[in-house]
Amino acid sequence: MSEVRPAVSDVDVDLAQLFGSLLRNWLRILVVAVVVAAGAFLLMSMATPLYRAETRILIESRESVYTRPSTGNADADRPLLDEEGIASQVEVISSADILRDVARKLDLASLEEFGGTGQRSTLGNLLVLVGLRSDASQAPTEERVLQAMNEKLVVYRVERSRVIVVQFSSEDPKLAAAVPNAIADAYIAVQEAAKRASNSEATDWLEPEIADLRQRVREAEARVADYRAKADLMVVGQGNSLLATQQLSELSTDLSRVRANRSAAEGRASAIRAALDSGERVDTLADVLNAPLVQRLRERQVQIEADLANLSASLLNNHPRIRALNAQLAETDQQLRQEVQKVLASLETEVSTAQAREQQLIADLNTLKAESARAGEDEVELRALEREATAQRALLESYLTRYREAASRADRNYLPADARIFSRATPPFKAYFPKPLPIMIAAFVATILVVAVVLMLRELFSGRAMRPATGSFEPVEQVVMPVVEPELSDEAEAETAEEVTDEDEPEEVRVERPADELSIDAAADRLVASGAVRAIFVSPEGDEAAATSVMVARAVCDAGLRVLFLDLTVSGAASSSMLESSRYPGITNLLASEAQFADVIRGDLYSDCHVIPVGTADAEKAMRAADRLPIIMASLTTAYDMVVVECGPTDAHGISRVVDEGAEVLVSVIEPDDEAVADIAADLAANGYEHVHMVTPVGHILPPAPEGRSAA
């Protein structure tokens, strides 16, 4: 007979078996770790102790405010170097020239520690013989010493600071302190020597430059003087203005003054003339009253008018004295008008004179304008020559100042390095290597980890820690071969019967299947009323019962919900009745990352329901990505009101990946008395699925289908 079972195409790691191997071999692990730790302790006890000391150097400006060059500015107090500059100084400190000077000063070549004698250890000789190390004894002594110093020297910059640390390790604590101190001193000396060399080069360069500049300044100033004399550009007054410009300014001032006087004289003459023409009194005008004769005539006129008024009170108008006073008054008025005419003539003469002066000034001004324009053109060339001479003079003065400062520093030998040693190394009293206890603990822990990993790998490669994986799409036919039992005697049969009787028989689990079975419409109404987002169908009777989920999906879709039907059966018979072809890409292609959602979702031929068929991808490849199924289900649940999943003849474990809190589990039933239905119901109940409903398609009227096809 044949039976359809899930295929075992992959294996899982049995963690219990894997870690159980560690518990079974704990004594072996502990013994190996103790032996390795003891060996590490012995090696560290025999190792030569090493001592480490360090010197710290601060990169800063050593110039004071009193000795800083006058050409400096406020930026001189800022940090000298950036991060790249400090890193460059680290390389300078560890350069071969400085190390070579320190090695000569401390005579490191005579010490065996630095390979100066050329002797090698037994291990070193063995490595040279097998070719794993070059023969250092063939190299020059100086190179061997430098290589040993580089191996023991560590120079680094303290993070986010301008401090450089020089570390050195040695077997001698005094030498461990002497070497970094000597390196720091040599670095300071190198910096000072570099400054002295730079200062000397600057003075050597400035001296001929200053001589050339002096000659160029002299020639530039001579060109300015010659051009000024040739162009007759004399400089007078304040602001170094030219003579023509100064005269033009003065003439403009005189012309403005003459025009103002002329306008004033014309105004006064017009006022007197208007008063004479209208017969008004003119003795009230300022120019008339200021005339001395007019003042006397006015006084006499006032006296005559007073006498006439006195006599008019006692004498008649024809009295000789009255007539004589009237005659004198008329004569005085006549003389007064004549004097006013003279004042008017004087003002008119003044106006004429001012006009003539104005015309002369205008002519002179035009002449000076032409002269000033010519002088302005010449002045442009003169200013260019003066700027050249000024620039040459300023450069000469700057070079002279720098040369004097550089020469004075060279004479007094004051060139401090831009670094100082603020922490010198002292001989350490405690070795930093070896440290037996930490190394022994580290060796113990590392050995335990390594041995544990080796044991677990051995367990994995041997296959003892592997177990078959569950779940697949492909069925495997398990053929049960008939067993031919040998004939037994009566006594043997009796013994066999007794053995069978004595064995414990497993208890049979009986789960009562619900007596009420839902129809297609009742199941659809129940799903819609409950608000379920997933309907999980199990069809223990095979593909014929799988048509139940298709009918329910169509009924729910007809109720107005957006429904997606997902076919997870092996044969794909459920979805093939809803599509034109069974070779469309589906859920297996989606799991195998061979298609997208838009490629696998299609429309049902008989309703508005959407369908995802089984697909065409390799089932084993799809099952390796079975962990993605819950993610895919969550995405579909978000996009649709309900997702109907047909799982085929599976069990409670098979539907675990597609069941969530809002899911309803239903069993498709055609023959209620089928043993497979009872087994599925018992399995679901045993695994916690309490509210499982039986749905039967019996009595459901199928929609009309195209010729040659079934609607289900």
Side-chain angles (χ1 to χ4, degrees), residues 517-579 582 584 586-588 590 597 600-615 629-630 632-650 654-670 680 684 689 691-697 700 702-703 710-712:
E517 295 175 353
L518 300 177
S519 63
I520 299 298
D521 295 333
D525 295 339
R526 183 179 183 84
L527 290 175
V528 173
S530 63
V533 294
R534 295 183 192 176
I536 313 300
F537 279 86
V538 179
S539 303
E541 297 173 274
D543 294 340
E544 294 182 359
T548 303
S549 57
V550 177
M551 299 176 187
V552 172
R554 290 171 176 171
V556 174
C557 184
D558 293 340
L561 298 183
R562 293 176 300 172
V563 181
L564 174 78
F565 182 84
L566 176 59
D567 191 354
L568 294 181
T569 62
V570 175
S571 61
S575 59
S576 62
S577 64
M578 306 174 72
L579 303 173
S582 60
Y584 289 130
I587 186 64
T588 55
L590 196 61
F597 279 104
V600 301
I601 299 177
R602 301 188 176 275
D604 181 18
L605 295 175
Y606 305 100
S607 67
D608 294 332
C609 180
H610 288 176
V611 184
I612 296 181
V614 175
L629 190 57
I632 296 174
M633 291 298 300
S635 302
L636 295 176
T637 304
T638 304
Y640 291 90
D641 297 330
M642 182 179 297
V643 178
V644 179
V645 184
E646 176 56 52
C647 299
T650 185
I655 66 173
S656 59
R657 284 193 174 95
V658 295
V659 176
D660 67 348
E661 295 181 357
E664 291 281 348
V665 180
L666 303 99
V667 178
S668 301
V669 179
I670 296 179
I680 286 295
L684 293 175
Y689 297 99
H691 304 289
V692 177
H693 303 284
M694 302 296 175
V695 183
T696 179
H700 184 71
L702 299 178
S710 172

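Every heavy atom of this structure was used, including side-chain atoms; hydrogens, water molecules and symmetry mates were not. Since we're looking at a predicted model, the values are computed, not measured.
The shortest non-hydrogen separation linking Y689 to S656 is OH-CA, 4.2 Å. Here the shortest heavy-atom pairing between V669 and P697 reads O-CD, 3.3 Å. When all heavy atoms are compared, the tightest approach of A663 to I536 is CB-CG1, 4.2 Å. R657 and P630 get closest at one heavy-atom pair: O-CG, 3.7 Å. Closest non-hydrogen pair, M642 versus L561, comes out as CE-CD1, 4.4 Å.
Residues L666 and V552 fail the side-chain proximity criterion, which asks for heavy atoms closer than 4.5 Å. Looking only at side-chain heavy atoms (C-beta outward), T548 and T696 stay at 4.5 Å or farther from each other. Side-chain contact between M551 and V695: absent, with no pair of heavy atoms (C-beta onward) separated by less than 4.5 Å. When side chains are defined from C-beta on, P540 counts as touching V667, because their heavy atoms get closer than 4.5 Å. Taking the side chain as every heavy atom from C-beta outward, R526 and L518 approach each other to under 4.5 Å. Side-chain contact between T637 and R534: present, with at least one pair of heavy atoms (C-beta onward) separated by less than 4.5 Å. Put simply, the side chain of I655 reaches to within 4.5 Å of the side chain of L684, judged on heavy atoms.
E664 places no side-chain N or O within 3.5 Å of a backbone atom of A532 that could act as its donor or acceptor partner. Proximity of a side-chain donor or acceptor of D567 to a complementary backbone N or O of S575 within less than 3.5 Å is detected. Remark: side-chain polar atoms of T569 are not paired, donor with acceptor, to backbone N or O of G648 under 3.5 angstrom.
Cation-pi geometry between R602 and Y584 is satisfied (NZ or CZ under 6.0 Å from the ring centre, within 45° of the ring normal).
Around CG of D558, the count of heavy atoms belonging to other residues, nucleotides or ligands within 6.0 Å exceeds 12.
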